[in-house]
A.B. asks: 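Got a structure here, written out as structure tokens. Questions coming.
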Amino acid sequence: MYIQIKDLCFSYTNQGDKTINNFCLEIEQGEIISILGESGSGKSTVLRLLSGLETPTKGTISIGGKIVTDDRTFILPEKRGIGMVFQDYALFPHMTVAENIQFGLKGYSRSEKKKRIDEVLELVNMEKFKKRYPHELSGGQQQRIALARALAPEPSLLLLDEPFSNLDADLQIKIREELKQIIKKTGITSIFVTHDREDSRAIADRIITMRDGAAHEWESLCTVRNTSNTYDYEMEIMS
Amino acid sequence: MKFYRKLPGYMNMWTVLSMVIVLLILMPNLTILISFFTQTTDNWEHIKEHILPLLLKNTSIIIVVTGVLTILIGTSLAWLISAYDFPLKGFFKWGLILPLAIPPYIAAYTYNGILNYTGIIQTTLRNDYGIRVDQKYFDIMNIPGSIFIFTLFLFPYVYTITRAFLANQSSSLIENARLLGRNAFEIFFRVVLPISRGAIIGGASLVLLEVLNDYGVVKYFGVPTFSTAIFQTWFSMGDLNAAIKLSATLMFIVFAILIFEKVLRGRKKYSYTTAKVKPLTPIKLTGWKAWTVFFYSLLIFSLGFLIPFIQLLDWMFLTFEKIASPVFTQLIMNSLLVAFTGAFMIVIFAVIIANFTRMHKSWLSKSASRITILGYSIPGAVIAVGISSVFIDIDNLLFTFYESFGMEASLFLSTSLFMLISAYVIRFLAVGYNSIESGFDKVGNKFTEASRMLGMGMTKTFFKVDVRLIKGAIFSGFILAFIDILKELPLTLILRPFNFDTLSTKAFQYASDEQIHEASLASIIIIVISGIAIYLFHQVLEKEPK
């Protein structure tokens, strides 16, 4: 398995309920996974734990056979080689589109940087907007730039946090299709989090549903897989 | 939570530096608290028996009365300005903050100069009307006089915080009360006071901390309080130990006030809602009501700013030629030097700690943040005692080191500007920190996280992203700290190197030597710079989208 998450636990407060309780997930290379759940179900937290922006209290995460989090290891987010598209895009307001994309291109020569910027801008169909500042772009355009920026350093995994939540409904359907094509074109393993079942259906190869159980206790996916009806996680295989 | 799991996330320069800075801040304060419980001296026994009760009595009277008066004036003005329209309201809105630009010690000798035998009031009465007055009615150099000064020049703390609260938070409640047929007085006492309790108490506790910090007013008026007693035991009796014990006692009073504030405020913050709120729509006053409110505002503004300022201007024109000399230029340069260096270090330290505390939400970062703002509540005299005892210890430790360099002075650090600047940093770090922390709050963590996901470490992210986004907050933190240092008196007075004078120390010395007129130029410079800064901040705050 390309990505293995085992027995992941996390809580935001020291004493309070666990936001994530024994979460397990395995993902194959190139798979597009959607984590579906209502707000407060902990779905975004899974992304934050994967990316290293939060430290789990328990559990193991490995990516491409390399352990990034366990009892003894914690790889800092900047060393994980994971790309992330944030919910509100988080494009740096003081940099142009090109500068935003170039930001992640460490260790590239000047000509390589230029080439890569052009490549990803072409991929998201935004070549003409290189010199613009983020506030001069529409919501949909900003989202494409955020995607381009995340893809530019060629990450091993792409995370998308509610990628459509800031878009108008009709735009959402159009962008959804584009996003799927772009991701498929790059062949990158991706996880995206959403509360919209339609989004999940349209893009994902596989959907993981997260639910805030009444008991506030979630069975791990590993066990759920066999007895999926009775537990809080369900898994739908889309074919 | 398993700490070792979190450890790798903590292992960076920011954590280390923050911890070092926090320890440095803590050291002088801890020195004082610890030595409170160690050996006593004869002096201390004497002080405890004969002086301490008087200090406690004076301090409590001044604190309680000033507290009540500032609350009355500050809250009433805040309410009138937020709820009503009356002549010149737009001007009073920020004009009523201006008394803060006049440091209380300057106000103290200005008022004394106005009211004493040779002052403008008595000379006019004598020369033009032939009236000779009983001096006791014009003597403000006593406890009521100190309360008068503190009230007039510190009430804006209550006014600004309460007004900000009323303007943004209360519209629906107050408008509902109006619709329910309540009259203005009922609304004020039954709605406004209860709901703005948190803001009022927050402002009043700032006032009290300023009163405890004061040295200039009580020294000039000859009222024995903790600040003056600390100076006296230290310099006249030469008993640092007893001074430390007095400082510790004062620190306990400060802690009592801070705890009292917490308890009174309960879990209420200044704002009780985060939802979007619309500002209160003011009611237009007409006729005698409008003019009563206008004259009330005008009275407070005149007493708190206009009268002392005009008097100082008048004195300045009398003495300008005598005072404006190369020596005076040197004073300005000295003031700018310490204020600039101090504010610069404050901003750097504040940025380091604020960046650390926002990245890690844990008890460690919470306590770091608490300790950082602690210094602002500790009176200058206490910080001065604490920091000099630490520096003298360091000098003693380094004695052999100095000798090996063939240096004569054994007290090298404790007689240097370095000690003064460190004291400024401890006392005013909170000013820079609060500004920078709210800057970080406004920007949020998303850009930082985005940068780290793109492969930049914390430090590179800081320079390439964070600093660019909070430069406004850094700048305002710098200006606020700069002005506080410029006005500062007790720390500068005790800790400055021999023959090193700033605008504030020189003004105070002139006034203490009965050369009140000569003190005016330095005072005016301090007031004008503070006034401009207050005006600019008021403009910025008003324009800011809420």
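What you see is a predicted model, and the numbers here were worked out from it, not measured in a lab. Order of the sequence lines fixes the chain letters, A, B, ..., with proteins taken first and strands second; residue numbering starts at 1 for each chain.
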A.B. asks: To the nearest 0.5 Å, what is the distance between CG (A:L53) and NZ (B:K446)?
C.D. replies: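 Rounded to the nearest 0.5 Å, the CG-NZ separation comes to 14.5 Å.
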
A.B. asks: Go through the atoms of A:P155 and report whether side chain, backbone, both or neither lie under 4.5 Å from a heavy atom of chain B.
C.D. replies: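 Neither part, no heavy atoms under 4.5 Å.
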
A.B. asks: Report the C-alpha distance between B:E449 and A:R48 in whole Å, list the side-chain angles of each, state the deciding distance to 0.1 Å, and finish with yes or no for side chain to side chain contact (heavy atoms under 4.5 Å, CB included).
C.D. replies: CA-CA 10 Å; B:E449 288 177 351; A:R48 292 180 65 82; 2.6 Å; yes

A.B. asks: Looking at CZ of B:F447 and CZ of A:F86, how far apart are the two atoms once the value is rounded to the nearest 0.5 Å?
C.D. replies: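 Atom-to-atom, B:F447:CZ and A:F86:CZ are 10.5 Å apart.
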
A.B. asks: Applying a heavy-atom distance below 4.5 Å, give me the residues of residues 92-113 of chain A that approach chain B, sorted by number.
C.D. replies: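 The list, in residue order, reads A:F92, A:P93, A:H94, A:M95, A:F103, A:G104, A:K106.
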
A.B. asks: Flag the one option from A:A90, A:A152, A:C9 with the top tally of heavy-atom pairs under 4.5 Å to chain B.
C.D. replies: A:A90

A.B. asks: Non-hydrogen contacts under 4.5 angstrom with chain A: give the residues of residues 471-483 of chain B involved, or none if there are none.
C.D. replies: none

A.B. asks: Could you please state which residues from residues 73-83 of chain A sit under 4.5 angstrom from chain B, measuring non-hydrogen atom to non-hydrogen atom, sorted by number, or 'none'?
C.D. replies: A:F74, A:L76, A:P77, A:E78, A:I82

A.B. asks: With a strict 4.5 Å heavy-atom criterion, list every residue of residues 451-461 of chain B that contacts chain A, or say none.
C.D. replies: B:S451, B:R452, B:M453, B:L454, B:G455, B:M456, B:G457, B:M458, B:K460

A.B. asks: Can you tell me if B:F252 has over 12 outside heavy atoms packed within less than 6.0 Å of its CZ?
C.D. replies: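 More than 12 within 6.0 Å, yes.
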
